[in-house]
K.L.:
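I have a structure I would like to understand better, so I am pasting it below and will then ask my questions one at a time.
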Amino acid sequence: MPFDLKNAFLTFQRMINKGLKRLIKNNCFVYMDNIIVYGKTIEEYNRNLRLLFERLRQVELKLQSDKCEYLKLELEYLGHVISERGI
């Protein structure tokens, strides 16, 4: 994007929200370029992850594999620690 584009964040977020609209809140959370996939069981998690991968392929978006982490039981996100116990 051009350096002078002041609404780049909003434009990118709108594009992600539109591309993943059926998955957000049901299968994953999205903020900017961070996508958190969740599930109550490993089967649900794998199904949600597969749905995300299929949708990303359809809207021609790619993940940066060296930044991806899978099957974490706890993570720090936007200054909060999230686990199965909550935030």
K.L.:
What's the spacing between Ile36 CD1 and Leu75 CG if we round to 0.5 Å?
P.N.:
5.0 Å

K.L.:
More than 12 heavy atoms of other residues, nucleotides or ligands under 6.0 Å from CD of Gln58: is that the case?
P.N.:
yes

K.L.:
Quick test of your reading of the model: are Arg85 and Glu74 salt-bridged, counting only N-O distances below 4.0 Å?
P.N.:
yes

K.L.:
Short question: side chain of Arg55, backbone of Gly19 - any donor-acceptor pair under 3.5 Å?
P.N.:
yes

K.L.:
Looking at Gln13 and Phe9, would you say the former's side chain and the latter's main chain have a donor-acceptor pair under 3.5 Å?
P.N.:
no

K.L.:
So if you build clusters from Ile, Leu, Val, Met, Phe, Trp, Tyr with side-chain heavy-atom gaps below 4.5 Å, do Met32 and Met15 land together?
P.N.:
yes

K.L.:
Less than 4.0 Å between a side-chain N and a carboxylate O, is that true for Glu69 and Lys72?
P.N.:
yes

K.L.:
Could you tell me if the side chain of Arg14 sits less than 4.5 Å from the side chain of Asn17, heavy atoms only?
P.N.:
no

K.L.:
Looking only at heavy atoms, what is the nearest atom pair of Ile35 and Cys28, with distance?
P.N.:
CG2-CB, 4.1 Å

K.L.:
Given side chains that start at C-beta, do those of Asn27 and Arg22 come closer than 4.5 Å, heavy atoms only?
P.N.:
no

K.L.:
Does Ile82 belong to the same Ile/Leu/Val/Met/Phe/Trp/Tyr cluster as Leu73, with side-chain heavy atoms less than 4.5 Å apart forming each link?
P.N.:
no

K.L.:
Taking all non-hydrogen atoms of both residues into account, name the closest pair between Leu49 and Val37 and its distance.
P.N.:
N-CG1, 3.7 Å

K.L.:
Assess the residue pair Ile16 and Asp33 against the criterion (side-chain contact (heavy atoms from CB on, under 4.5 Å)); give the C-alpha distance rounded to whole Å, side-chain angles, the decisive distance to 0.1 Å, and a yes or no.
P.N.:
CA-CA 8 Å; Ile16 291 291; Asp33 60 348; over 6 Å; no

K.L.:
Centre-to-centre under 6.0 Å for Tyr38 and Phe29, is that the case here?
P.N.:
yes

K.L.:
Working to the nearest 0.5 Å, report the span between CZ of Arg47 and CZ of Arg50.
P.N.:
9.5 Å

K.L.:
Let me check something: do Leu78 and Val81 share a hydrophobic cluster, defined by ILVMFWY side-chain heavy atoms less than 4.5 Å apart, either directly or through other members?
P.N.:
no

K.L.:
Does Phe53 CZ have over 12 foreign heavy atoms under 6.0 Å away?
P.N.:
yes

K.L.:
List the atom of Val30, the atom of Tyr77, and the distance in Å for their closest heavy-atom pair.
P.N.:
C-OH, 4.3 Å

K.L.:
Quick one: NZ on Lys25 to CG on Leu20, what's the gap to the nearest 0.5 Å?
P.N.:
13.5 Å

K.L.:
With a sphere of 6.0 Å drawn around CG of Leu71, does it hold more than 12 non-hydrogen atoms of other residues, nucleotides or ligands?
P.N.:
yes

K.L.:
Roughly how far, to the nearest 0.5 Å, is the CG atom of Leu63 from the CZ atom of Arg57?
P.N.:
10.5 Å

